[in-house]
There are 2 protein chains.
Amino acid sequence: MDIAEVAKASGLPASTLRFYEEKGLIRSTGRNGLRRLFSANVIERLALISLGRSAGFSLDEIGEMFTAKGPDINRALLIAKADELDRTIEELASMRDGLRHAAICKAPNHFECPKFLRLLRIAGKNRGRQPNKLKENKLKRGV
Amino acid sequence: MDIAEVAKASGLPASTLRFYEEKGLIRSTGRNGLRRLFSANVIERLALISLGRSAGFSLDEIGEMFTAKGPDINRALLIAKADELDRTIEELASMRDGLRHAAICKAPNHFECPKFLRLLRIAGKNRGRQPNKLKENKLKRGV
DNA sequence: GCTTGACTTAAAGTTGACTTGAGCTTGTAT
DNA sequence: ATACAAGCTCAAGTCAACTTTAAGTCAAGC
């Protein structure tokens with residue numbers, strides 16, 4: 001397949017495919033002149049990469065998993081990520097409840113509302129750099 | 001309070017406080033010479049900002065909420081965010097289940113495993129730019 | 001009176017995952 | 001044979017939320 005086909009099949013722009021190749025996440029099987037050729041299984045690989053990304057792995061982590069010696073992926077890593085997701089989910093659930101409450105709450109000042117204060121404490125734990133997460137998936141692909 | 005006190009009380013570095021002020025998220029009440037003075041309620045405001053950040057609002061969105069005219073613009077926004085969190089939580093839960101499964105699954109190739117394939121489809125939906133989310137909260141504050 | 005240290009500003013740097021642009025090359029259709 | 005859309009490379013740009021750095025100000029303690 002040429003890069004355009006892979007792009008279409010995977011939904012990723014060609015630039016991303018080149019980028020992934022450069023990072024060692026995928027491989028092109030050869031060239032037709034200058035042009036990259038990919039074998040069909042790159043699609044699976046890309047699906048796996050998408051999966052990893054959605055689960056919160058960085059590209060570097062995903063790359064490590066692919067080069068891991070054993071035929072099986074790093075189980076401990078997977079489980080650790082799953083546990084991390086559990087914690088994240090709990091936090092997000094609290095947030096969601098808090099937001100819903102805040103939207104309804106009659107208290108003149110949220111700081112007088114115990115529910116809100118509890119929320120605040122949870123938020124307080126979540127003190128890390130959060131670049132810009134969980135934002136809208138605008139499809140600007142069309143531009 | 002001077003900036004050091006606010007920093008201590010809020011846990012945020014002074015640089016962040018200046019940054020937030022520049023962004024219009026907080027206000028200093030005046031100066032002592034060059035030095036900013038803050039009133040105590042900036043602490044509450046910062047807690048609110050933290051809360052918003054944890055809930056997935058961007059700083060710009062938080063800024064808008066603070067300056068929003070109508071009282072129910074907030075409500076709609078809060079509810080929308082809560083709904084968004086619901087969707088996110090569902091996705092993350094699927095991811096978590098998938099990861100746990102992948103760590104256990106005996107299938108020679110995950111692509112032969114129906115559970116895994118289902119996971120992949122969910123991941124596929126999650127096709128947006130995800131900068132680098134949900135990562136570790138290393139406390140590098142001490143440096 | 002001078003050093004020190006906490007503060008100030010403005011500008012540039014950081015991170016991760018890409019995207020974009022400039023300037024070439026080339027397979028393919030006419 | 002030639003035009004041109006699609007590929008290519010390499011470098012630089014983007015975004016968000018900060019952090020870092022350089023250079024300067026200033027009150028207080030010795």
Side-chain angles (χ1 to χ4, degrees), chain A residues 1-8 10-26 28-38 46 49-64 126-143, chain B residues 1-8 10-26 28 30-38 46 49-50 52-64 126-143:
Chain A
M1 320 169 71
D2 76 6
I3 203 170
E5 291 176 277
V6 178
K8 201 170 172 197
S10 67
L12 296 168
S15 64
T16 299
L17 299 175
R18 287 187 210 105
F19 175 69
Y20 280 1
E21 193 192 6
E22 198 180 350
K23 278 222 120 189
L25 294 172
I26 58 175
S28 49
T29 49
R31 297 282 180 127
N32 174 18
L34 275 186
R35 306 179 175 205
R36 286 165 179 79
L37 291 175
F38 293 94
L46 287 168
I49 293 171
S50 276
L51 171 61
R53 294 281 300 121
S54 315
F57 291 93
S58 71
L59 292 183
D60 285 350
E61 284 172 316
I62 293 168
E64 281 167 34
N126 209 351
R127 306 244 90 277
R129 264 249 227 167
Q130 296 164 292
N132 178 23
K133 54 169 55 168
L134 307 174
K135 303 248 19 215
E136 317 181 57
N137 291 349
K138 296 230 149 111
L139 18 148
K140 55 180 107 170
R141 252 22 149 185
V143 185
Chain B
M1 320 169 71
D2 75 5
I3 204 169
E5 290 175 278
V6 178
K8 200 171 172 196
S10 68
L12 296 168
S15 64
T16 299
L17 299 176
R18 287 187 208 104
F19 174 68
Y20 280 2
E21 192 192 8
E22 199 179 350
K23 278 223 120 189
L25 295 172
I26 58 174
S28 49
R31 296 284 180 128
N32 175 17
L34 275 185
R35 306 178 177 209
R36 287 165 180 78
L37 291 176
F38 294 93
L46 287 168
I49 293 172
S50 275
R53 294 280 301 120
S54 315
F57 291 93
S58 71
L59 292 183
D60 286 349
E61 285 172 316
I62 293 168
E64 281 167 34
N126 209 352
R127 303 249 91 276
R129 264 249 226 167
Q130 296 162 290
N132 178 23
K133 53 166 58 169
L134 307 174
K135 303 243 27 211
E136 316 181 57
N137 290 350
K138 298 230 146 114
L139 19 148
K140 55 181 104 170
R141 248 27 147 184
V143 185

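What you see is a predicted model; the values in this text were computed from it and never measured. Order of the sequence lines fixes the chain letters, A, B, ..., with proteins taken first and strands second; residue numbering starts at 1 for each chain.
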query = Judged by atom type as modelled, is there a donor-acceptor pair below 3.5 Å linking the side chain of B:Thr16 to the main-chain atoms of B:Leu12?
reply =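 No, because the side chain of B:Thr16 does not come within donor-acceptor range (under 3.5 Å) of the backbone of B:Leu12.
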Side chain proximity check, [X] to [Y], heavy atoms < 4.5 angstrom:
{"X": "B:Leu59", "Y": "B:Ile49", "value": "yes"}
{"X": "A:Leu37", "Y": "A:Arg31", "value": "no"}
{"X": "B:Ile26", "Y": "B:Val6", "value": "no"}

request  = Please round to 10 degrees the angle between the axis of the first five pairs and the axis of the last five pairs in the helix from C:dG1-D:dC30 to C:dT30-D:dA1.
outcome  =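 Taking five pairs per end, the axes differ by 30°.
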query = From B:Ile62 CD1 over to B:Tyr20 OH, what is the distance, rounded to the nearest 0.5 angstrom?
reply =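 Taking CD1 in B:Ile62 and OH in B:Tyr20, the distance rounds to 7.0 Å.
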Rounded to whole Å, please give me the gap between [atom1] in [X] and [atom2] in [N].
{"X": "B:Glu22", "N": "D:dT19", "atom1": "CD", "atom2": "P", "value": "13 Å"}
{"X": "A:Ile62", "N": "C:dA17", "atom1": "CD1", "atom2": "P", "value": "8 Å"}
{"X": "B:Phe19", "N": "C:dA10", "atom1": "CZ", "atom2": "P", "value": "15 Å"}
{"X": "B:Leu46", "N": "D:dC18", "atom1": "CG", "atom2": "P", "value": "11 Å"}
{"X": "B:Glu21", "N": "C:dC7", "atom1": "CD", "atom2": "C1'", "value": "13 Å"}
{"X": "A:Leu25", "N": "C:dC18", "atom1": "CG", "atom2": "P", "value": "9 Å"}
{"X": "B:Leu17", "N": "C:dC7", "atom1": "CG", "atom2": "C1'", "value": "13 Å"}
{"X": "B:Asp60", "N": "D:dA17", "atom1": "CG", "atom2": "P", "value": "6 Å"}

inquiry  = Is A:Thr16 close enough to C:dC18 that one of its side-chain N or O atoms is under 4.0 Å from OP1 or OP2 there?
reply    =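 So the side-chain polar atoms of A:Thr16 never come under 4.0 Å of the phosphate oxygens OP1 or OP2 of C:dC18.
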inquiry  = So, OP1 or OP2 of C:dA17: does either fall under 4.0 Å of a side-chain N or O from A:Tyr20?
reply    =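 Answer no for this pair, as no side-chain N or O of A:Tyr20 is under 4.0 Å from OP1 or OP2.
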Nearest-nucleotide 5' precedence on DNA chain D, B:Gly33 against B:Leu59 =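 The residue closer to the strand's 5' end, by nearest nucleotide, is B:Leu59.
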task = Could I get the full list of side-chain contact (heavy atoms from CB on, under 4.5 Å) partners for A:Leu34, not counting sequence neighbours?
result =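 Testing A:Leu34 for side-chain contact (heavy atoms from CB on, under 4.5 Å), a comparison that skips the adjacent residues, returns none.
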ask   = What pairs with A:Arg18 under side-chain contact (heavy atoms from CB on, under 4.5 Å), at least two apart in sequence or on another chain?
value =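 Testing A:Arg18 for side-chain contact (heavy atoms from CB on, under 4.5 Å), a comparison that skips the adjacent residues, returns A:Ile3, A:Ala14, A:Ser15, A:Arg36.
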task = For B:Glu5, enumerate each residue passing the side chain to side chain donor-acceptor pair (under 3.5 Å) test, keeping only those at least two apart in sequence or located in another chain.
result =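 By the side chain to side chain donor-acceptor pair (under 3.5 Å) rule, B:Glu5 matches no residue at all.
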note = Scoring nucleotides 2-12 of chain D by protein non-hydrogen atoms under 4.0 Å (B base, S sugar-phosphate only, - none) yields ----BSSB---
inquiry  = Please enumerate all residues that pass salt bridge (Lys or Arg N to Asp or Glu O under 4.0 Å) together with A:Asp60, with sequence neighbours excluded.
reply    =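 Once residues adjacent in sequence are excluded, the partners of A:Asp60 under the salt bridge (Lys or Arg N to Asp or Glu O under 4.0 Å) criterion are A:Lys23.
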